[in-house]
Protein chains: 2
Amino acid sequence: MKERVIPSQSGAAFLLKRGQILKVIDPEGQQVSDLFCVSANDRNEWFSAGRSIDYNDTIYLTEGHTLYSNRSSPMLKWSKDTCGRHDALMTPCSLKMFQIVAGNREYHPSCDENLAKNLAQYDISPDRIGTTLNLFMNVHTAPETGKLSIHPPRSKPGDYVELEALMDLVVGLTACSHEETNAGKCKPIRYQIA
Amino acid sequence: MKERVIPSQSGAAFLLKRGQILKVIDPEGQQVSDLFCVSANDRNEWFSAGRSIDYNDTIYLTEGHTLYSNRSSPMLKWSKDTCGRHDALMTPCSLKMFQIVAGNREYHPSCDENLAKNLAQYDISPDRIGTTLNLFMNVHTAPETGKLSIHPPRSKPGDYVELEALMDLVVGLTACSHEETNAGKCKPIRYQIA
């Protein structure tokens with residue numbers, strides 16, 4: 001089984017056939033990987049974080065959960081998770097996010113750009129890219145104010161997740177570009193398809 | 001200013017021009033209203049709950065916040081809120097939600113169907129309808145498990161919100177169909193456009 005590397009602050013897109021298992025590995029620890037997927041047979045069916053958290057009754061998706069599409073169809077079965085903490089509330093970091101939230105004026109690489117660029121090879125419009133499944137991302141919400149806070153990922157070197165495709169998918173995957181999200185340093189991500 | 005009624009378990013869709021203010025009123029109290037909007041000039045630009053909570057740094061959107069599109073453009077400015085608690089995590093209740101979560105086998109009216117039906121008049125595909133802004137909906141997330149729980153709305157009779165359009169919009173709006181979400185009884189919603 002070939003292991004592929006997503007270099008720091010970049011992304012990849014690939015086909016994942018029904019029944020195949022995608023393993024996403026955080027090789028150095030404390031590195032987030034944003035995942036977005038679209039039906040390989042219909043570009044208008046895509047991952048819905050909102051339906052996934054609703055039907056699983058938790059904002060913290062993990063092993064045992066099913067990930068759903070905007071049409072409420074099962075897309076991925078989460079079969080293994082050695083980390084246990086991921087996010088499904090936030091949209092991928094984007095150039096506009098760095099401008100609006102951080103006041104950046106300069107270019108900054110982003111998951112949004114890396115997903116858009118790679119998914120474009122499969123004719124998937126960037127407008128589809130909504131809230132992603134942010135693997136290893138550690139987001140807290142304050143009980144009464146709802147304030148979001150980004151904590152260092154809980155993933156240790158070698159932690160991984162396995163997701164089984166329940167339909168033919170195009171998957172976009174990144175090594176997240178936002179220093180703050182990744183405990184101060186952006187690192188690579190590795191993945192395998194079995 | 002004409003006030004319109006959305007009867008219990010139904011919906012509406014309408015144009016909201018840039019600069020106009022939409023007032024959504026909960027006339028009897030404890031009634032949720034799901035809102036989704038799309039650019040009137042480009043059906044591929046729609047409300048993004050994920051970007052809105054990200055850029056406002058809270059899951060509890062309210063007065064003073066700006067609501068963003070999937071392209072990170074400002075869509076609505078939240079100018080007034082007499083209730084103070086709304087949800088932006090959950091997708092609208094849907095026939096599939098009632099089947100998957102509640103195990104329903106029979107038909108049940110839903111916000112998803114009511115949004116889809118009304119937005120179809122403006123050539124908006126139901127695939128666009130992702131996580132909605134769920135006005136007056138009271139959702140808690142448990143700190144460590146992330147478990148979602150739906151509490152009775154905090155809205156009292158006559159509570160309202162005002163949202164100012166920052167671009168020309170098509171707005172879909174419902175009187176939510178899910179008994180549990182609305183303190184046991186589904187009631188009407190009223191709205192005005194000024």
Side-chain angles (χ1 to χ4, degrees), chain A residues 39 42-62 66 68-74 84-101 112 125-132 134 139-150, chain B residues 39 42-62 66 68-74 84-101 112 125-132 134 139-150:
Chain A
S39 163
D42 187 341
R43 300 295 189 263
N44 287 312
E45 179 157 25
W46 57 75
F47 171 65
S48 171
R51 297 208 188 276
S52 299
I53 67 172
D54 187 357
Y55 302 162
N56 291 293
D57 201 26
T58 175
I59 58 169
Y60 294 133
L61 298 170
T62 181
T66 299
Y68 291 87
S69 74
N70 56 339
R71 296 179 186 165
S72 297
S73 303
R85 175 54 59 88
H86 313 274
D87 173 65
L89 300 183
M90 309 284 269
T91 37
C93 62
S94 65
L95 188 54
K96 288 209 179 161
M97 186 279 286
F98 287 112
Q99 291 167 344
I100 293 169
V101 176
D112 204 60
S125 154
D127 289 330
R128 265 75 177 145
I129 305 168
T131 303
T132 34
N134 305 309
V139 176
H140 294 213
T141 62
E144 187 52 34
T145 64
K147 188 171 160 43
L148 290 158
S149 51
I150 298 173
Chain B
S39 163
D42 187 340
R43 300 295 189 264
N44 288 312
E45 179 158 24
W46 57 75
F47 172 64
S48 170
R51 297 208 189 275
S52 299
I53 68 173
D54 187 357
Y55 302 163
N56 290 294
D57 202 26
T58 176
I59 58 169
Y60 294 133
L61 300 170
T62 181
T66 299
Y68 290 87
S69 75
N70 56 338
R71 296 179 186 165
S72 297
S73 305
R85 175 53 60 88
H86 314 274
D87 173 65
L89 300 183
M90 309 283 268
T91 37
C93 63
S94 65
L95 187 54
K96 289 211 179 160
M97 185 280 285
F98 286 112
Q99 291 167 345
I100 294 170
V101 176
D112 205 58
S125 154
D127 289 330
R128 265 74 178 148
I129 305 168
T131 304
T132 33
N134 305 310
V139 176
H140 294 214
T141 64
E144 186 53 32
T145 63
K147 188 173 159 43
L148 291 159
S149 51
I150 298 173

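The chains referred to below are lettered A, B, ... by the order of the sequence lines, with proteins before strands, and numbering in each begins at 1. Everything numeric in this text was worked out from a predicted model, so none of it was measured.
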Practice item. For residues A:L89 and B:L89, determine if any side-chain heavy atom of one lies less than 4.5 Å from a side-chain heavy atom of the other. Key: yes

Review point. Taking the side chain as C-beta and beyond, is there a heavy-atom pair between A:E45 and B:D127 under 4.5 Å?
Key: no

If I measure from the heavy atoms of chain B, does [X] come under 4.5 Å with its side chain, its backbone, both, or neither?
| X | value |
| --- | --- |
| A:S94 | side chain |
| A:L61 | neither |
| A:S48 | side chain |
| A:T131 | side chain |
| A:Q99 | neither |
| A:D112 | side chain |

Exercise for review: Against chain B, work out which of A:V101, A:T132, A:D54 has the most heavy-atom pairs shorter than 4.5 Å and name it.
Suggested key: A:D54

Point to revise | Top contributor to chain B interface from A:N44, A:T62, A:N56 [non-hydrogen pairs under 4.5 Å] | key: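 Of A:N44, A:T62, A:N56, A:N44 has the most heavy-atom pairs under 4.5 Å with chain B.
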
Minimum heavy-atom separation for [X] and [Y], please, with both atom names.
| X | Y | value |
| --- | --- | --- |
| A:E144 | B:R85 | O-NH2, 3.0 Å |
| A:R51 | B:P92 | NH1-O, 3.7 Å |
| B:K96 | A:R71 | NZ-O, 3.1 Å |

Drop me the distance from [X]'s [atom1] to [Y]'s [atom2], to the nearest 0.5 angstrom.
| X | Y | atom1 | atom2 | answer |
| --- | --- | --- | --- | --- |
| B:Y55 | A:L148 | OH | CG | 13.0 Å |
| B:I129 | A:N70 | CD1 | CG | 10.0 Å |
| A:T145 | B:D57 | OG1 | CG | 9.0 Å |
| A:I59 | B:M90 | CD1 | CE | 11.5 Å |

Exercise for review: Check whether B:I53 gets within reach of chain A through its side chain, its backbone, both or neither, counting any heavy atom under 4.5 Å.
Suggested key: both

